[in-house]
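Just below is one structure, and these are the notes that go with it.
Chain A is the first sequence line, chain B the second, and so forth, proteins listed ahead of strands; every chain is numbered from 1.
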Amino acid sequence: MANAKKITELLLKKYPHPRIALNFTNPFELLIATILSAQCTDVKVNVVTEKLFKKYKTPEDFANADAKTLEHAISSITYYKNKARMIIECSKKLIKDFHGKVPQTMEELLTLHGVGRKTANVILGNAFGKQAIPVDTHVLRISNRLGIAHSNNPEKVEQELMMQIPNDKWTSFSLALILHGRETCTAKNPKCGKCILYEECEWPEKR
DNA sequence: AACTCGGGGCA
DNA sequence: TGCCCAGAGTT
């Protein structure tokens with residue numbers, strides 16, 4: 001088993017305050033932005049949400065939105081038709097079951113349309129300061145390459161990582177690993193020669 | 001478990 | 001032109 005603590009240390013040394021561009025402190029805005037961010041670049045989401053949140057501010061605004069109008073407003077985002085429906089349904093559910101407030105538990109978050117385990121963990125970690133490890137495709141891929149995880153099941157990897165990484169660093173670890181995945185440990189043609197984790201990495205295919 | 005959604009930016 | 005992008009819902 002690779003040394004997860006050492007890996008975390010090296011990652012957070014390179015990315016001391018890891019932040020992707022989705023920098024919302026408002027839980028509801030972060031929720032909408034995170035749903036929009038699936039399979040899409042954060043930069044693109046930022047461009048869209050900057051305008052979007054001037055027109056739609058509350059769950060009521062989204063719940064009562066005209067679907068076509070909302071689709072048009074986010075049409076530069078990946079899967080925009082699905083996501084327009086998702087955030088409308090999600091907002092209705094928020095109003096119906098949670099008084100329009102974003103809930104703060106995994107179980108409750110997972111009842112919201114468009115919110116899966118990864119998105120729920122983003123909200124818990126980044127909006128509510130709870131200890132959570134969002135496992136996206138980057139975290140999944142790299143954790144397995146490094147040898148700190150041994151599964152293609154995100155929830156299982158989440159459990160594996162939680163056992164090895166200090167809990168106060170879970171959220172920043174996830175963010176740092178995503179940045180590392182974009183810049184260095186890419187899905188195809190990874191830049192192993194420039195990798196700060198080369199010595200720790202147990203990936204048989206590392207070059 | 002496999003399939004679907006899906007447009008723009010960039011090499 | 002081809003490749004890639006903070007996944008989730010449906011079948």
Side-chain angles (χ1 to χ4, degrees), chain A residues 11-12 15 17-52 62 67-68 70-94 102 106-128 130-145 149 151-158 161 169-191:
Chain A
L11 270 175
L12 295 184
Y15 306 103
H17 305 290
R19 285 267 173 264
I20 64 164
L22 301 181
N23 203 7
F24 298 96
T25 52
N26 177 323
F28 180 66
E29 289 190 352
L30 180 64
L31 177 62
I32 299 301
T34 307
I35 291 174
L36 292 179
S37 74
Q39 300 292 294
C40 186
T41 61
D42 54 347
V43 175
K44 192 178 288 189
V45 172
N46 262 359
V47 171
V48 167
T49 52
E50 187 178 351
K51 294 179 183 175
L52 188 68
F62 283 100
K68 291 292 180 187
L70 186 55
E71 283 179 14
H72 180 72
I74 65 172
S75 60
S76 61
I77 295 269
T78 311
Y79 311 144
Y80 66 95
K81 287 184 181 176
N82 281 347
K83 287 172 180 174
R85 182 168 44 81
M86 281 179 182
I87 59 184
I88 289 173
E89 292 305 315
C90 177
S91 297
K92 287 181 179 175
K93 183 85 172 174
L94 271 180
V102 180
M106 171 64 71
E107 185 182 5
E108 291 173 312
L109 284 166
L110 289 179
T111 68
L112 300 173
H113 204 269
V115 177
R117 196 169 181 86
K118 175 246 150 191
T119 299
N121 274 323
V122 170
I123 304 304
L124 291 172
N126 293 280
F128 298 130
K130 297 185 183 293
Q131 294 157 355
I133 303 183
V135 177
D136 74 325
T137 55
H138 290 299
V139 177
L140 191 67
R141 176 183 70 254
I142 302 171
S143 297
N144 279 291
R145 282 182 180 174
S151 170
N152 288 318
N153 180 334
E155 184 171 356
K156 203 167 181 182
V157 169
E158 188 185 323
L161 294 175
K169 294 175 180 167
W170 287 354
T171 297
S172 53
F173 167 84
S174 177
L175 286 167
L177 209 54
I178 289 164
L179 295 176
H180 182 62
R182 290 181 182 179
E183 299 170 8
T184 309
C185 196
T186 47
K188 291 189 175 179
N189 302 316
K191 303 176 181 68

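Side chain of Arg141(A) to backbone of Cys185(A): a donor-acceptor contact under 3.5 angstrom is found. In this structure, the side chain of Thr49(A) engages the main chain of Asn46(A) through a donor-acceptor pair within 3.5 Å. Counting only distance, with no hydrogens or angles, the side chain of Ser172(A) and the backbone of Lys169(A) share a donor-acceptor pair below 3.5 Å.
Distance Glu155(A) CD to dG7(C) C1': 15 Å, rounded to the nearest Å. Across the protein-nucleic acid pair, His113(A) atom NE2 and dG9(C) atom P stand 6 Å apart, rounded to whole Å. Counting to the nearest Å, the P atom of dG2(C) and the CG atom of Asn189(A) are 18 Å from each other. When the P atom of dC5(C) is taken as reference, atom CG of Leu179(A) falls 14 Å away, rounded to whole Å. In this entry the distance linking CD1 of Ile178(A) with C1' of dC5(C) reads 12 Å, nearest Å. Distance, Arg182(A) CZ to dC5(C) P: 10 Å, rounded to whole Å.
Ring centers of Phe173(A) and Tyr15(A): at least 6.0 Å apart, outside the cut-off.
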Step by step, would you call Arg117(A) with Glu158(A) a side-chain contact (heavy atoms from CB on, under 4.5 Å)? CA-CA 10 Å; Arg117(A) 196 169 181 86; Glu158(A) 188 185 323; 2.7 Å; yes
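The nucleotide range of DNA chain B contacted by chain A, defined by atoms under 4.0 angstrom from heavy atoms of the protein and reported 5' to 3', is dC5(B) to dG8(B).
OP1 and OP2 of dC5(C) both lie 4.0 Å or more from every side-chain N or O belonging to Thr137(A).
For the P atoms, the distance linking dG6(B) with dT11(C) amounts to 15 Å, nearest Å.
In this structure, Arg19(A) places its CZ atom where only 12 or fewer heavy-atom neighbours from other residues, nucleotides or ligands lie under 6.0 Å away.
In terms of position on DNA chain C, the residue among Arg85(A) and Lys188(A) whose nearest nucleotide sits closer to the 5' end is Lys188(A).
Minimum heavy-atom separation, Ser91(A) to Phe62(A): OG-CB, 3.2 Å. Heavy-atom minimum distance, Val45(A) versus Cys40(A): CG2-SG, 4.2 Å.
Each of dT10(C), dA8(C), dC5(C) was ranked by its minimum atom distance to the side chain of Lys118(A); first place goes to dA8(C).
Here CG of Asp42(A) is found 8.0 Å from OG of Ser37(A). Values are rounded to the nearest 0.5 Å.
For the segment residues 28-49 of chain A, the set of residues with a heavy atom within less than 4.0 Å of an atom of DNA chain B comprises Gln39(A), Lys44(A), in numerical order.
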